[in-house]
Amino acid sequence: MWVPQNTQGEVEQDQFLSYFPPTSRFQNVIASSKETEGGDVLSKDHLLEAMKMHESIETGESEYEGNTYKFADLCTPAGGSCANYDPTNPICNCLAVSVLKMWNYDLATLEADTNVLGTLNNYGSREDLEGVLGAAAFDPNTGNLVSAEALSISYFLKDQSSVENGNTVDPINEAWEESVFLKTVQGDFTTLNLAYLSSRSFSDEFGGEISGDLVFVQISYVVAFIFLGATLGSKLCGRGSRWAMSMSALVLIALATVAGFGIASLAGLIYGPVHSILPFVLLGIGVDDAFVIANAFDREREGVPRESEDDESLVKRGARSLARAGASITVTSLTDLVAFAISSTSALPALASFCAFASINIAFLWALAATFFTATMVIDERRQRANRRDMLCCVTRKTSPDEEDTGAKEGRLPSYFRKYHAPKILSKPGKAATLVFFTGLFGFGVYGLMNLPVEDSARNFIPQDSYINVYASEADKYFATSGTSLFITFEGGESIYKNRNSLAALDTRVSGFSEEPPYIAEPNSDSTYQNVMTGLKQFLSTNGTDAIGGVALAEDGWPGNYADFELTLTRYANFMGPGAKYQGDVAFDTAGNLLAHRVILEYVRLTKEFRGETIDDASRQIEAMDATREMVESWDDLQPAFPYASTFIAIEGFKIIGDELYRNVGLAIACVGVIVLFTVGSFVTAFIITMNVAFCIVEILGFMYAIGIVIDSVSVINVVLAVGLSIDYSAHIGHCFMVKGGDNRDERATEALADIGSSVLNGALSTFLAVAVLLFSKSYVFKTLSTQFALTVGLGVIHGLVLLPVLLSIFGPPAFASAEPPHKAAGSIEMAKSNAPAETIHPEAAAGDNFEENPSAPEEKEVPSKPTED
């Protein structure tokens, strides 16, 4: 899901697996001295404890569906695992790699050995020893091994995987790995420290981390409920509280989530671990819509006591409220939906699926906000009019003298925006300071954007306290030259025979690249170079063909024709043949015809230090892959041939993910600009809003660089989210500015902030508080999400509530013809409403839904206030 589709790497993988399907599952232990850091691990005591550990692994039993299994029952068959082959010793017929082979993996043989270093020096070449020993030291005069700080022991299980419900599973091997291998190496050892890795390790650790941290999403919903309940109404408790509406907002989000997930699943969209953050994304968007609608209900009741409204008047107020808020939430929902829809075309399946899920869910969120939530708001207003208790609507409460309802009043936040916030930022010094500050912020964002790297963040997915991190650290320390296996496959039996001498000497073509692209380790040991043609050539020159078919050899030392060559190769590279270790490197069809053979090489370990952490070097991996392909293509005399490494598909993702990020974000911002233009109806306002969002995104990318978040498959998703969320904060203000009447842009910006600013700020605060919960998560997905969400909320809200009003006050266009009257005129209407008798109809309702200020109409007279009693 995290790699691109239809790439050259995918083609190479399909070709390779058609010849060489998966055969083994890998288990590895790196043992070092416990008593002294950097101590010699080749003392007899250390080797004896390592051998005892091996015996526990070899003899341990696992159980699956009533059957018991040992390592010998599950291992990959191979020869050469013992120094002295013994067909009666099960381990000698299994693929295992370590220096313990020198004692045939037998404890008694090791105990009887009085010169273990002498025995180890017969293991092979210096390079062979360095492949299984970490920090090995050799005598400078004799070249003999004298010590080592670590030893590696590897076990290979025969792959028995199958696909069930779209997932690849191997329950028999997985049971052995858990109950035998992992149980053994996680035990307590007296003299050895063990770092270990199993084929099931990544799924265990990553999946468990994501599942364990889902509780934080649940906590974030509780936090959102409390904050909504505390701020959605005019009071915490008593008349004016809206705890029931807080619950309604969460039900709205839950309904949209269930409906969206159902439709997406019905459409066949894939679901992955990262999709678990989608309910949290919908929480941020849905809460914002709830605040906007509730604010509109309150604004439409200013100066109108609840007791003066009958059911019909209340329904009309709901209609006016939705007319007031509907355009705003439609703009933000549509822009969110389009931003995600664009990224649903990504070549990365995880990103494409997530964004498609998000688009569908946002559509449901908008529909339910405009229907379900608005309807529950009307019901809640009836409850308050009837003086019934919040959350216990069947219970009538007593009215206190201080609860006399004289109509909705401007709250503390709107009053703050009108009296303090707007005057400060819209004064001449305030505008200058704002523009200077945001210019500097944008410059910082551009600098960070230019330096933001694409990196391989695979290690970040591993929980910080996982044993996999310990293993990776030990592997980096002791086996820094050991990297990913590279396979070069040569196709066609006739072509292989024709090029036999060149193929046998292939090591000369891949030498000298360990320090430069394609970064291939020197082919000087069995661990870095395995070629059946080289092995067969050496065997024929030494032993002839008597043991492998007895065919005649030509002057060049090879069988004289293709048929004899194919027979010789078949006899040599099979389980019982002298070239047993190469049996998996040749591919035959069912009729026994040679199809292909592979040469196994190894890349050097391509890592680097990034801000104090060791990470895989994505740029050098890309260089290595591209240079390898160019090298193989240059071998005109050896075609057809192609390279393959298990990391190629992921590296293809590194090549395109940066381009995908900037393309998708650029397209999303452009489409958002078009949508805002059509919904706001002003080119100037749409341009200002769009540029405001673009500046915000640039600054988010700059802060990502500053805090060490790189471009990867997770951060790309969150940047797309940032486009959708940041537009919310700006679009509300921009739309509200256009519906505020008058010729003074400063006053219109002030009125926009007083009207909708509190909803924007409350929506941002609720999202931020929920994000704060996820900051305690241990999983990379949730930590990255919460950090980028915090950046988006923080930068988005200051752009929407500070920079945008300033820009609109300077460059903003005239208001709509149907704009609301300026605040002074509006105040006279509110005064009239507040002093009107109970049966007075709302003036806007009396004028109809198209009520607007008419400059040519006679000035509306203020209704005289009631006389006061002395």
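From a predicted model like this one, the values you see are computed outputs, not experimental measurements.
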Margin query: Within the 4.5 Å heavy-atom criterion, are Ile798 and Leu803 side-chain neighbours or not?
Written below: no
Checklist line | Test item: Phe373 and Met245 side chains (from C-beta on) under 4.5 Å apart, heavy atoms | finding: yes
Margin query: Would Phe357 and Phe261 count as a ring-ring contact (aromatic ring centres under 6.0 Å, His included) here? Give the steps.
Written below: CA-CA 7 Å; Phe357 263 80; Phe261 273 56; 5.2 Å; yes
Notebook entry, point to check: Are the side chain of Ser265 and the backbone N or O of Gly262 linked by a donor-acceptor pair below 3.5 Å?
Noted result: no
Notebook entry, point to check: So, does Asp380 use its side chain to make a donor-acceptor pair with the main chain of Thr376 at under 3.5 Å?
Noted result: no
Notebook entry, point to check: Quick one: CG on Asn361 to CG on Leu282, what's the gap to the nearest 0.5 Å?
Noted result: 4.5 Å
Checklist line | Least distance between heavy atoms, Val710 atom then Met704 atom | finding: O-CE, 4.2 Å
Checklist line | His421 side chain vs Leu413 backbone, donor-acceptor pair below 3.5 Å | finding: no
Next item on the list: Could you tell me whether Glu300 and Arg317 have a side-chain N and a carboxylate O separated by less than 4.0 Å?
Entry: no
Next item on the list: Check step by step if side-chain contact (heavy atoms from CB on, under 4.5 Å) holds for Ile733 and Tyr729.
Entry: CA-CA 7 Å; Ile733 299 294; Tyr729 305 125; over 6 Å; no
Next item on the list: Determine the minimum heavy-atom distance between Val292 and Ala325, stating which atoms define it.
Entry: CG1-CB, 3.7 Å
Item checked: Cationic N near anionic O, under 4.0 Å, Asp298 to Arg242 -> yes
Margin query: Atom CZ of residue position Phe768 - does it have more than 12 heavy atoms of other residues, nucleotides or ligands inside 6.0 Å?
Written below: no
Checklist line | Spacing of Asp336 atom CG and Ser359 atom OG [to the nearest 0.5 Å] | finding: 9.5 Å
Check: Between Leu701 and Tyr662, does a side-chain contact (heavy atoms from CB on, under 4.5 Å) hold up when you go through it step by step?
Finding: CA-CA 11 Å; Leu701 294 171; Tyr662 299 122; 4.2 Å; yes
Margin query: For Val454 versus Ile657, what's the shortest heavy-atom pair and its separation?
Written below: CG1-CG2, 3.5 Å
Note to self: Between Glu747 and Lys740, does any NZ, NE, NH1 or NH2 come within less than 4.0 Å of an OD or OE carboxylate oxygen?
What the structure shows: no
Margin query: Regarding Asp755 and Arg418, does a basic nitrogen lie under 4.0 Å from an acidic carboxylate oxygen?
Written below: no
Next item on the list: Report yes if some heavy atom in the side chain of Val693 is under 4.5 Å from a heavy atom in the side chain of Thr690; otherwise report no.
Entry: no
Margin query: Using side-chain contact (heavy atoms from CB on, under 4.5 Å), reason through Val672 and Leu334 one step at a time and then give a plain yes or no.
Written below: CA-CA 8 Å; Val672 162; Leu334 191 57; over 6 Å; no
Notebook entry, point to check: Given side chains that start at C-beta, do those of Lys431 and Asp746 come closer than 4.5 Å, heavy atoms only?
Noted result: yes
Checklist line | Test item: Ser715 side-chain N/O and Asp712 main-chain N/O as donor-acceptor pair under 3.5 Å | finding: yes
Next item on the list: Calculate, to the nearest 0.5 Å, the distance between atoms OG1 and CD1 belonging to Thr257 and Ile360 respectively.
Entry: 12.5 Å
Next item on the list: Could you tell me which non-hydrogen atom of Ala815 sits nearest to which non-hydrogen atom of Gly741, and how far apart they are?
Entry: CB-CA, 4.1 Å
Check: What closest approach, in Å, do Ile362 and Ser333 show between heavy atoms, and which atom pair accounts for it?
Finding: CG2-O, 3.6 Å
Notebook entry, point to check: Which residues satisfy the side-chain contact (heavy atoms from CB on, under 4.5 Å) test with Val315, sequence neighbours excluded?
Noted result: Arg382
Notebook entry, point to check: Can you pull the salt bridge (Lys or Arg N to Asp or Glu O under 4.0 Å) pairs that have at least one residue in residues 671-683, sequence neighbours excluded?
Noted result: none
Margin query: Please verify the inter-ring angle class for Tyr705 with Tyr447; under 30° counts as parallel, over 60° as perpendicular, anything in between as tilted.
Written below: perpendicular
Next item on the list: Can you measure from CG (Leu252) to CG (Asp289) and round to the nearest 0.5 angstrom?
Entry: 7.5 Å
Notebook entry, point to check: If only atom types and distance count, is the side chain of Ser766 paired as donor or acceptor with the main-chain N or O of Gly763 below 3.5 Å?
Noted result: yes
Check: Do Phe687 and Phe811 come close enough that some side-chain heavy atom pair is under 4.5 Å?
Finding: no
Next item on the list: Could you pull out the closest heavy-atom pair between Val684 and Pro813, with the gap in Å?
Entry: CG1-CD, 4.0 Å
Item checked: Partner residues of Lys783 under the salt bridge (charged side-chain N to carboxylate O under 4.0 Å, His left out) criterion, sequence neighbours left out -> none
Check: Does a side-chain heavy-atom distance below 4.5 Å link Ser353 with His275?
Finding: yes
Checklist line | 4.5 Å side-chain heavy-atom contact, Ile689 and Asn692 | finding: no
Check: Roughly how far, to the nearest 0.5 Å, is CG of Leu269 from SG of Cys355?
Finding: 11.5 Å
Notebook entry, point to check: What do the steps show when you test Phe444 against Phe703 for side-chain contact (heavy atoms from CB on, under 4.5 Å), and what is the final call?
Noted result: CA-CA 8 Å; Phe444 169 78; Phe703 274 97; 3.9 Å; yes
Note to self: Under a 3.5 Å distance rule, please check whether Gln621 uses its side chain to pair with a backbone N or O of Ile651 as donor and acceptor.
What the structure shows: no
Next item on the list: Measure the spacing between CZ of Phe648 and OG1 of Thr7 and express it to the nearest 0.5 Å.
Entry: 11.0 Å
Margin query: Do Phe654 and Ile711 make a side-chain contact, defined as non-hydrogen atoms from C-beta onward lying under 4.5 Å apart?
Written below: no
